[in-house]
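Reminder, nothing fancy here: chain letters follow the sequence lines and each chain counts from 1. Heavy-atom basis, side chains included; hydrogens, waters and symmetry copies ignored. Nothing here was measured: the structure is a model prediction, and the numbers come from that model.
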Protein chains: 2
Amino acid sequence: MATIKDVARLANVSVSTVSRVINQSGYVGKEFYDRVVWAMKELNYQPNAIARGLVSRKTATIGLIVPDVANPFFSDVARGVEDEAIANGYTVILCNTDWNLQREQMYVNLLQGKWVEGIVLVGSRTPEHELVGLLNGLPIILADRKPTHLKSGVWTDNEGGAYLATKHLIEMGCRKIAHISGPEDSPSATARRAGFRQAIEEQVGVYGTVAQGDFRYDGGYEAAIQLLSAEDVPDGIFAANDVMAIAVVQAANRKGIRIPEDVKLVGYDNIPMSEYVYPSITTVEQRGYDMGRMASKILIAQLDGRDDVSLTKEFEPTLLVRHSTRLDTP
Amino acid sequence: MATIKDVARLANVSVSTVSRVINQSGYVGKEFYDRVVWAMKELNYQPNAIARGLVSRKTATIGLIVPDVANPFFSDVARGVEDEAIANGYTVILCNTDWNLQREQMYVNLLQGKWVEGIVLVGSRTPEHELVGLLNGLPIILADRKPTHLKSGVWTDNEGGAYLATKHLIEMGCRKIAHISGPEDSPSATARRAGFRQAIEEQVGVYGTVAQGDFRYDGGYEAAIQLLSAEDVPDGIFAANDVMAIAVVQAANRKGIRIPEDVKLVGYDNIPMSEYVYPSITTVEQRGYDMGRMASKILIAQLDGRDDVSLTKEFEPTLLVRHSTRLDTP
DNA sequence: TCTGGATGTGGTAACGTTTTCACAGCAGGT
DNA sequence: ACCTGCTGTGAAAACGTTACCACATCCAGA
């Protein structure tokens, strides 16, 4: 790789001049400017971001920590984060934690060593005060989780969304409703449980149970099989995300239980698959792409020292009614 | 952040000694060693990967260029790449090109500036010789594309897979078969077209047409609508990937055409969705995760100077027969 | 004529590491 | 006694940039 010195030598100018041309800073005469531009082309010169980062203390890189990019919701978020980042000249380092706290912490440390300028942390379960301790003041934004102590974050109103979903099941006539939850200590899972309970409790004559899931297909499948094997099968299931809802559909098929005739089903996230499965799944829309994009935008605004952007953004959940809760068309 | 100089001062030794302790290189007396370790603890010292990278010319970072992480096949690949990378101490920079050649080239340049040690390039359409020109010798591995000039790559036998798929349609009784193809200049799309044509040509009495798609939902939907609106509707469709196959299912629903009764359908990739849609889609399995993982493994072996790993790996495609080509259970 | 700002240019010290070199002691073998 | 090689330490030169300072011009205004 050609360096700035090579360019300077070829253009017969000093490195300072080349640097000024690159950064459009200071004064450069037309003649010199052209010579430098020519030399850069000639050598296919690419400024070294490492060296640049060392002196400017900026790397134009942000970290993205996500439970699992292979999960459609998170891959949407990731896409949003990257799109907004690159549009602002930032680059994204991708990290997968599998919802594992230790991996999360490991990545936070690792990213710090790489001098990322900030981190987008999606769907984290680590307590916020621990996070602060790890960060040494590195800017961070939570996504898919409402911050209580940190100042920036984007999230949907999970409690409200879960309330909507459960309420809808009740309105469709369900009286024995089960919730397949996410991991015990996941903030979004906790909020969804709370929304579920609230809707159940304010309605007399409706009974609710909570089964433990883990946001993943296998955990959802297992929970569903247990629910559907009990002597009193629920007539409505609210799964804490669409991946688990799809597992419920498969489990019901296996058990010979019909959806929506025997059991009605609502999911959460609105991943593309939820629309195309049979029956299509009623779900709560999350707008992962927009959330990712907004998280990136807020973080970068902070990094660039702009304060024209609000540090938080709550997305309103909306219920999408589809066939898993309707009796008319299949 | 504390620097190596701070540590040296506190431990009352030279920076050289601290460096030797950090890297376990050279000789360090026990007494000095202990003092340095103590000082590092005291200051919560974290070596600066940037400065280290500048001199060692190693960043422990690889670039991952993918058409679109939000596409389930590529998010699987991405997950595989990251898993193998982190297991070897490497970190991954994520880039999305939307199959756009210019963005691909832009990213290759950008990544070079960031001094990634190598690149995993997935589903690229850029001609290989152009690639070589851009790379300045930077190690690269192609994924989802068989290299002709470059030495490393992982891919599935796309021609063979497409042949399998088409052959299956013929065996199921189709005589007028349409192929919804990927972008004109995409190598994998080209190979799948070739496999399709070969299967068609070796069978007398079977007619084939090719419709132009773009690997995306919308393009597939449009192509499907056109095919299904013509006066002679095909009795079999082979879509070049599952995302477009799902679009075909939706288009058929819209048109009141039944799958598999009126038209049989085969996709490609085996993304999770293909199993759960209605009807479930017969498809050719690609093993995106394994491909990503292997690509990462081969690249890193090269970077670490190991040559115990083959530079190429062809994955055998397998046909998964599901309901979109069967008449028995829906 | 002098002053002083705007315009151009080059030299060089940082940034935080690793690596190479130089210099010492101290053994052990001749 | 002398060389030789191992052990232990520090000084200083890289790595590729940017930022700051110093020095030249040139031209306008007093």
Can you measure from [atom1] ([X]) to [atom2] ([Y]) and round to the nearest 0.5 angstrom?
X      : Y      : atom1 : atom2 : value
A:I50  : A:L54  : CD1   : CG    : 9.0 Å
B:N88  : B:D304 : CG    : CG    : 7.0 Å
B:E314 : B:M291 : CD    : CE    : 11.0 Å

Can you tell me the distance, in whole Å, between the [atom1] atom of [X] and the [atom2] atom of [N]?
X     : N      : atom1 : atom2 : result
A:K5  : C:dG10 : NZ    : P     : 16 Å
B:I50 : C:dA14 : CD1   : C1'   : 17 Å
A:L54 : C:dA14 : CG    : P     : 14 Å
B:R20 : C:dT17 : CZ    : P     : 16 Å
B:Y27 : C:dC26 : OH    : P     : 17 Å

Is the shortest side-chain heavy-atom distance between [X] and [Y] below 4.5 Å?
X      : Y      : value
A:L121 : A:L131 : yes
A:S186 : A:F215 : yes
B:V13  : B:V21  : no

With a 4.0 Å cutoff (strictly under), does any side-chain N or O of [X] reach OP1 or OP2 of [N]?
X     : N      : answer
A:S16 : C:dG10 : no
B:T3  : C:dG16 : no
B:S19 : C:dT17 : no

- Message: Can you pull out the residues from residues 31-48 of chain B that lie within a 4.0 Å heavy-atom distance of DNA chain C?
- Response: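 The stretch gives B:Y45, B:Q46, B:P47, B:N48 as the residues lying under 4.0 Å from the strand, ordered by number.
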
- Item | Passing option when B:E84 is tested against B:K297, B:R79, B:R293 for salt bridge (charged side-chain N to carboxylate O under 4.0 Å, His left out) |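 Looking at B:K297, B:R79, B:R293, the match for B:E84 under the salt bridge (charged side-chain N to carboxylate O under 4.0 Å, His left out) is B:R293.
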
- Task: State whether a side-chain donor-acceptor pair under 3.5 Å links A:T156 with A:Q286.
- Result: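 Their side chains do contain a donor-acceptor pair, which is all the 3.5 Å distance test asks for.
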
- Query: What is the bend of the helix from C:dT1-D:dA30 to C:dT30-D:dA1 when you compare the axis at one end with the axis at the other, using five pairs each and rounding to 10°?
  - Reply: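 The two end axes of the helix from C:dT1-D:dA30 to C:dT30-D:dA1 meet at 60°.
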
- Query: Which residue lies toward the 5' end of DNA chain D, B:S56 or B:N12, if each is placed at its nearest nucleotide?
  - Reply: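 Per heavy-atom nearest nucleotide, the more 5' residue is B:N12.
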
- Select from B:V55 and B:S14 the residue whose nearest nucleotide in DNA chain D is closer to the 5' end of that strand.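 The residue mapped nearer the 5' terminus is B:S14.
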
- Query: Does B:N71 use its side chain to pair, donor to acceptor, with the backbone of B:F73 at less than 3.5 Å?
  - Reply: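 The answer is yes, because a donor-acceptor pair under 3.5 Å joins these two groups.
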
- Atom NZ of A:K5 with >12 non-hydrogen neighbours under 6.0 angstrom: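 No - once you tally the heavy atoms of other residues, nucleotides and ligands closer than 6.0 Å, there are 12 at most.
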
- Along DNA chain D, 5' to 3', what are the outermost nucleotides having an atom less than 4.0 Å from a heavy atom of chain A?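 The protein-touched segment is D:dG16 to D:dA19.
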
- Going by the side-chain contact (heavy atoms from CB on, under 4.5 Å) test, name the single residue among B:V108, B:D98, B:I65 that passes it with B:R103.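 Result: among B:V108, B:D98, B:I65, B:D98 is the only option passing the side-chain contact (heavy atoms from CB on, under 4.5 Å) with B:R103.
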
